[in-house]
Every structure is written in C-alpha cells, then in structure tokens.
Amino acid sequence: MFRDKWCGELRDTSAGSNVNLAGWVFRRRDHGGLIFVDLRDRSGIVQVVFSPDVSVEAHGLAHDLRSEFVISVQGEVRCRPEGTVNTDIATGRVEIYASKLVVLNESAPLPFTLEDAAEASEMLRLKHRYLDMRRPELQRNFIIRHKAAKGVRDYLDENGFLEIETPMLTKSTPEGARDYLVPSRLNPGNFYALPQSPQIFKQILMVAGMERYFQIVKCFRDEDLRSDRQPEFTQIDIEMSFTDQSEVLELVEGMIGRVFSDVLDISLEKKFEVLTYKDAMERFGSDKPDVRFGMELTDMADLAKASSFKVFLDAIESGGRVKAILGKGMAGLSRKDVDMLTEDAKAFGAKGLAWIKVKGGFESPIAKFFTEEIMKQMAERVKAEEGDMILFVADTDSVVHNVLGRMRLDLAKKLNLIPEGFKFLWVTGFPLLEWNDDEKRYAAMHHPFTSPTDEGIAKMLQMPDEVFGAKSESPELSSLTAKAYDLVLNGYEVGGGSIRIHRKEIQRRMFSLLGISDEEANEKFGFLLDALQYGAPPHGGIALGLDRLVMLMVGAASIREVIAFPKTQKASCVMSGAPSVVDQKQLRELYIKLNLPL
RNA sequence: GGGGCGGUAGUUCAGCUGGUUAGAACGCAUGCCUGUCACGCAUGAGGUCGCGGGUUCGAGUCCCGUCCGCCCCGCCA
C-alpha cells in the first residue's frame, strides 16, 4: 500500500497521527538544512518537511527531488508553528514531518510549467496532455464532467430510463453532416459510417417497446471545427414513447435542474423561458439567443417610411425590413470606430450600417433624411439616452436579423453588458423545412424524422403530389411548422429534439417532400420504414451536447477544455499523431487505392 | 473554400525605418542557505528566429510560397 491518506484532506484534526502519502513533487524549497516539498495528488497539496532532526536519510534523498518526481512519504502530521500557517491552501495549517521518503519515479524537466500563471500554448498543452491534465483547473473540469454525467444517469434511472448502447459501425445516410467512413474488409467496396447520432436506432428502440431510452454516447461529424465543435463529441441522447413536447421539456428541465444543483449547488428556475423561433428571430436575430441581456432588435419600418432615406424606403418597398439596436454609451465612438463597425456589418452580410448618435441632439450622416420628431420617436423606441447610438440595418428579413443578431452579441461583449449566470431557454415552433437554393430543394431543418404539427400533417396529406419535390420555394411548404425544440444556454445551442413521425405513410410523404424517391428511401431508410409499420408508438426525444453543457458549467471558452484528448482545428491529435498514413498492406486488405491530389 | 491573428532560448514574450556578438523573465544545471510556501543568494549552460525560395553588400526584420496553431464566415439535418 502506497498511501492511507490523500494530500488534500489533511487538517489539524489529524495532528499527531502518522500518515503515508503518495503523489507528485509540485514545488521544492531547499534551505539546505530544511527542505520543504509541496506534495500534490488529485485531492490537493500538502507541505512536507524534510529535516535532518527527523530523518537524516530522508533529508539527504530530498535534496535530489525535482519537479514532478513521483514519491511516497511517511511521516507525522503536525500543526505548523506559529506564524508559518499558509491560508492560501486548504491544508495550510498542517505539515508532514517526513521520516521516510521513497522516490517511485523521476521526471525529466517539464516542457511547460504547471503553474496557472504562465499559460503554455494550446498546441504544447495538447501534445503533452498528460501534463496539462495534472493542473488543478483541468482536474476540476473533469470532476465536474463526471458529476454531470453521473447526475444525468441517476436522474434518468430514477425516471425509468434504460441506458442501451447502439452501434458505432452503422449505415451512412443522406442528409445532415458529412460522415466518417470505415471500410469493410469482409465486404470489399462497402463502408460503415460512424454515427452522427443514434437517431434511427433510438427510434427503433421505441418500436421495440423499450419505452424510455437514454445513452451518453459519442457522435461523429466530419465538418469544420469551432471552439464549440469537435469531430467527435458526446451527446446525452434521450427518447421516450407515448410522449409529447411538454413532457420532454419538463423531463429535461428536471434533469438540468438536478445536475446544476448536484454539481454546482445552483438552483435554476423550475420552468425555463420559452420563445418561439419567430420571436427569437424578431427580438434577438438568432435561433439561439443569449437572453441574459436586452439590446433587442427593434422594428423601425413605420418610422423609416416617414423618411426620405432611399436605402430604408427601398428595403421596405421590396418586402424587407428596417430594424435597429441600441449601442449603449457608443455616441463617443470615433469615425474610425464606426467605420470598423460598418466593416463588421458588411462581413455579416449587410450592405451598410446606418447610425444616429444621441449627443446633445441627433448626429448622423442620414439625419437630413429624417425630421427631428421622427428621430425622437426612434430614440424613444429603443430607449436611447444622451451618449447612446442607434444602429440600423435595412435589408431582407434574414439579413437584418443575422447582422443585427451578431452585432448585438459582439457589442454586448465589448460593452461588457452580459451578466454572469446561467439562463436556459427553449426555442420552439421551428419551421419544418428549409429551402436550399443551391440544390433547389427543401431540406429538413431538424431532421427528416421530425413530426410536423398536427395541422401541418393534415395539410401535408391534402397537398397535391406536384408540390412534393418542387424545384422552387413554396410559401405553403415554407410555412409548415415542426414539433421541434432546442435548448439554449447563454447563447449556445446545448440541445435539440423533436416529436418524431411514427406513421409510415407520413414518413414516406416527408421523404418525398425532401425530394427523396421511394426507391432511395427504401434503400437508405428501409429498416426504419419497415419498423414503423409494426405498431410504432408515438415517440419523441432530445439530444443534449454534454461537452458544451460542461464547458458552460465550468466557464471555459472552448469545448476542448472539457475533453480529455481533443483535436485541433485540422482535426488532428497532436499527442498521438492521428490521423496518419497507413501501411500499403492495410490498404490492400481493404481494397483501397489512394487517389491523392497533387 | 474564404477572412483575421500568431510561430524568436525548455516556456512566456521583447526585438523600431534591414546593420556589429539576437535580449528579458521564468525554468534548467552547479554551489550556499533550518521556517519557506512564486523561498533567497551566487555562478553557468541554453537559439536551424516554423520551413523553402527570393531581394540586398547585409534579412529575425522586406517579398513570394508553404506548414502548423487559434478565432470567425461558409459548412455543422
């Protein structure tokens, strides 16, 4: 036995007792006569004193200790002498007088310091992730991640859910993200796909009468990375039978509430705020708005109409919008600052940015197009006060919302308007379909198994066949709403789900609506369609992004801080070197010939 | 596919309009030190300035290309 106590648990109540500890040398302070070592294990740090008065041998050995040597120590816990207590650490009232020291392993000098003060570059941290993970911050992240996952399991278990595994080697399906493919040796020329989510399998588990399923499971999507997106990530995947939207929301609210209270000791509001997709877009210009602060998008069309500003008038004339946000305290911005804002707006897709400063009257290049009275009403509507600035975008509906939605976030960050805390939000009533202008077809906004609303189903069943697979956008189809819902936390989408289609003929109609022929549907999704004809119960569910949720819980800026071995933006692992070339032999076994670009 | 930022000692960085021997702090090594806790003191070692090419009498610095990392757009049902 190497140890009988953890470093971080020692208090003055243990004074006088003999303990065995094991861990890493965090810091060594060698005074010649006395040597102090901060010994670290996962639980924390405790000071070990090596004195020739206690053990000449241990003291001699301690001279050669270096950072991150692995040692075990036997010694007496003593209260520290008057005036030497360290209030910065939990164990600061005691120290261990070492009677025995064993060096279990030495360590080469580290490529970077483990002290949090000087952060190493992320690449270096990832290359030596085993060192990075020794840092208390990362240890805390993984403890919280573990507790969150455990809270989820406990809660779902108590609510009658069964954790059931689904295959990792599965079938490539059209729609959605790019698949990671795995060649099949036994079936030359054929490939498995790694799951983008267990969607179809969990629906089939409902047909199988499992009624309540969950899984904490890796999913894979071969798309470009972001600070909140990794090619492999973990979902809390949930599906239940005989359910409806409100029951799913209630379940998740309970689960999240439980996790936040268990793990962070934070009690959330019992019911989360609910916004429709339409309201979210109108008010915040985003389907995943951060609602911790206001700065809402304000419609200015009626007032803009009363102006002689052609840009505004044209936008309204052609069915577009004129909306504004309030730039709190931004009237002092220089010409250059405003130019930069305009560049931002253009980068987000706007043709330009109009503005009015409230600065002892109204100051604006477009002031001449407005009466004083109109500008006064505009200012009142966005609650602009002296020193503020009103920012306008006029364009199509989607451009206005996208640009102002992004600027709202950007400016709020710059102006420090976003309060700390956790604000959950449901976004519901998503459109069922999204027109893809490049491919001249509709795509499912959520996924093709999402149920339309009841009215939507009725409409769909009545629509003439010509509507399906239409090559142009149809107002009828665009207005269909889905029984889908997203869970948003502080501006991040942390979950999404829906009530599913459980009747075969509706699923078939859905496929044809998406321009997927009966033949293709049978080939790609035949197993689901088959299953649906044998008494599939009504069902629905949700999937939550565990990585994102934990990232927000620990206050990290990137998902990589809560993943043990994350990948870089080029989806490589700098520690293992994956991905890498493989032997010709391996390729031959798989009947694969490379065709690389020059 | 596109935009932006970065790559100099083991680490974090500085290095101006091109100019002598490329610096600092921390870390590392050796020695001294019995109350430190970012211990202190003394001495010392340590550099392919990401890589390749070009301009120039001369390139860490300018130009072109390329690789890598980060942020964002597109993409992510």
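First the proteins, then the strands, lettered A, B, ... as listed; each starts at 1.
- Nearest to the side chain of A:M123, among B:rC76, B:rC68, B:rC37, sits B:rC68.
- Within the 4.0 angstrom heavy-atom criterion, no nucleotide atom of any strand lies near A:A443.
- Comparing the same atom, P, in B:rA25 and in B:rC68 gives a spacing of 35 Å after rounding to whole Å.
- If you check every strand for non-hydrogen atoms under 4.0 Å, A:R125 touches nothing.
- Residue A:P448 is classed as a base contact, given a heavy-atom separation below 4.0 Å to a base.
- Note on A:T84: a base of the nucleic acid sits closer than 4.0 angstrom, heavy atoms only.
- Within 6.0 Å of the CD atom in A:E57, the count of heavy atoms belonging to other residues, nucleotides or ligands does not exceed 12.
- Separation of the C1' atoms belonging to B:rU12 and B:rG27 is 11 Å when rounded to the nearest angstrom.
- Comparing the C1' positions of B:rU21 and B:rG15 gives an interatomic distance of 15 Å, to the nearest angstrom.
- Residue contacts for A:L124: at a heavy-atom cut-off of 4.0 Å it reaches the sugar-phosphate backbone alone, with no base atom in range.
- Look at the C1' atom in both B:rG60 and B:rU43: the space between them is 30 Å, to the nearest Å.
- Side-chain proximity of A:P81 to B:rC71, B:rC39, B:rG35: nearest is B:rG35.
- Here the separation of B:rC16 from B:rG53, taken at their C1' atoms, is 27 Å to the nearest Å.
- When the side-chain nitrogen and oxygen atoms of A:S121 are compared with OP1 and OP2 of B:rG6, none of them lie within a distance under 4.0 Å.
- Classified by interplanar angle (parallel below 30°, tilted 30° to 60°, perpendicular above 60°), the ring pair A:F449/A:F525 is perpendicular.
- Residues A:H447 and A:E175 have side chains not in contact (no heavy-atom distance under 4.5 Å, counting atoms from C-beta outward).
- The aromatic ring of A:H31 is not stacked on the base of B:rU36, since the criterion of ring centres less than 5.5 Å apart with planes inclined by under 30° is not met.
- Nucleotides B:rC5 and B:rA9 are separated by 24 Å at their C1' atoms, to the nearest Å.
- Comparing the same atom, P, in B:rG69 and in B:rG18 gives a spacing of 32 Å after rounding to whole Å.
- Pair assignment for B:rA24: B:rU12, on the basis of Watson-Crick or G-U wobble contacts that are both within less than 3.5 Å.
- Contact between the side-chain N/O atoms of A:Q196 and the OP1/OP2 oxygens of B:rC76 is not found at any separation under 4.0 Å.
- In this structure, of B:rU34, B:rG35, B:rU12, it is B:rU34 that holds the atom nearest to the side chain of A:D53.
- Listed pair A:T113 / B:rC26 fails the phosphate criterion, with no side-chain N or O lying under 4.0 Å from OP1 or OP2.
- Between A:R406 and A:E122, the residue whose closest nucleotide on RNA chain B is further toward the 5' end is A:E122.
- For B:rG69, neither phosphate oxygen OP1 nor OP2 lies less than 4.0 angstrom from any side-chain nitrogen or oxygen of A:K570.
- Rounded to a whole angstrom, the distance from the C1' atom of B:rG46 to that of B:rC28 is 9 Å.
- The residue A:R226 sits close to a base: some heavy atom pair falls under 4.0 Å.
- Residue A:S67 places no side-chain N or O under 4.0 Å from the OP1 or OP2 atom of B:rG27.
- Contact annotation: A:R29 side-chain N/O to B:rC39 OP1/OP2 distance is under 4.0 Å.
- Distance from the side chain of A:S227 is smallest to B:rC72 among B:rG35, B:rC72, B:rC75.
- For B:rG69, one of the phosphate oxygens OP1 or OP2 lies less than 4.0 angstrom from a side-chain nitrogen or oxygen of A:S572.
- The pair A:K171-A:E523 does not meet the salt-bridge criterion, since no charged nitrogen lies less than 4.0 angstrom from a carboxylate oxygen.
- Counting distance only, with no hydrogens placed and no angle test, the side-chain atoms of A:R229 and the base atoms of B:rC76 include a donor-acceptor pair under 3.5 Å.
- Base contact: A:E95 has a heavy atom under 4.0 Å from a base atom.
- One can find a donor-acceptor pair under 3.5 Å joining the base of B:rC37 and the side-chain atoms of A:R80.
- Of the nucleotides present, B:rG19 is the one that pairs with B:rC57 by Watson-Crick or G-U wobble criteria, both distances under 3.5 Å.
- With B:rU34, B:rU11, B:rG74 as the choices, the nucleotide that has an atom nearest any side-chain atom of A:D224 turns out to be B:rG74.
- B:rU11 has no base stacking with the ring of A:F112 when judged by centroids under 5.5 angstrom apart and an interplanar angle below 30°.
- Between the side chain of A:R178 and the backbone N or O of A:D222, at least one donor-acceptor pair lies under 3.5 Å.
- As the counterpart of B:rU66, B:rG50 is assigned, both hydrogen-bonding distances of the Watson-Crick or G-U wobble pattern falling under 3.5 Å.
- When side chains are defined from C-beta on, A:W426 does not count as touching A:D486, because their heavy atoms never get closer than 4.5 Å.
- To the nearest angstrom, P of B:rC73 lies 14 Å from CD of A:E223.
- The interatomic distance linking A:F69 (CZ) with B:rC28 (P) rounds to 11 Å, in whole Å.
- For B:rA29, one of the phosphate oxygens OP1 or OP2 lies less than 4.0 angstrom from a side-chain nitrogen or oxygen of A:R66.
- No engagement by A:D222 is indicated, since no non-hydrogen atom pair under 4.0 Å with the nucleic acid exists.
- Distances were taken from every side-chain heavy atom of A:D30 (C-beta onward) to each of B:rC33, B:rC70, B:rU36; the shortest belongs to B:rC33.
- The closest side-chain heavy-atom distance from A:R548 to A:E493 is below 4.5 Å.
- Along RNA chain B, the nucleotide nearest A:R178 and the nucleotide nearest A:N86 are compared for position; the residue whose nucleotide lies closer to the 5' end is A:N86.
- Of the possible polar contacts, one joining the A:Q507 side chain to the A:P448 backbone as a donor-acceptor pair under 3.5 Å is found.
- Looking at heavy-atom distances under 4.0 Å, A:R28 makes no contact with the nucleic acid at all.
- A salt bridge links A:K567 with A:E232; the closest basic N to acidic carboxylate O contact falls under 4.0 Å.
- Checking B:rU43 for Watson-Crick or G-U wobble geometry (two distances, each under 3.5 Å) identifies B:rA29 as its partner.
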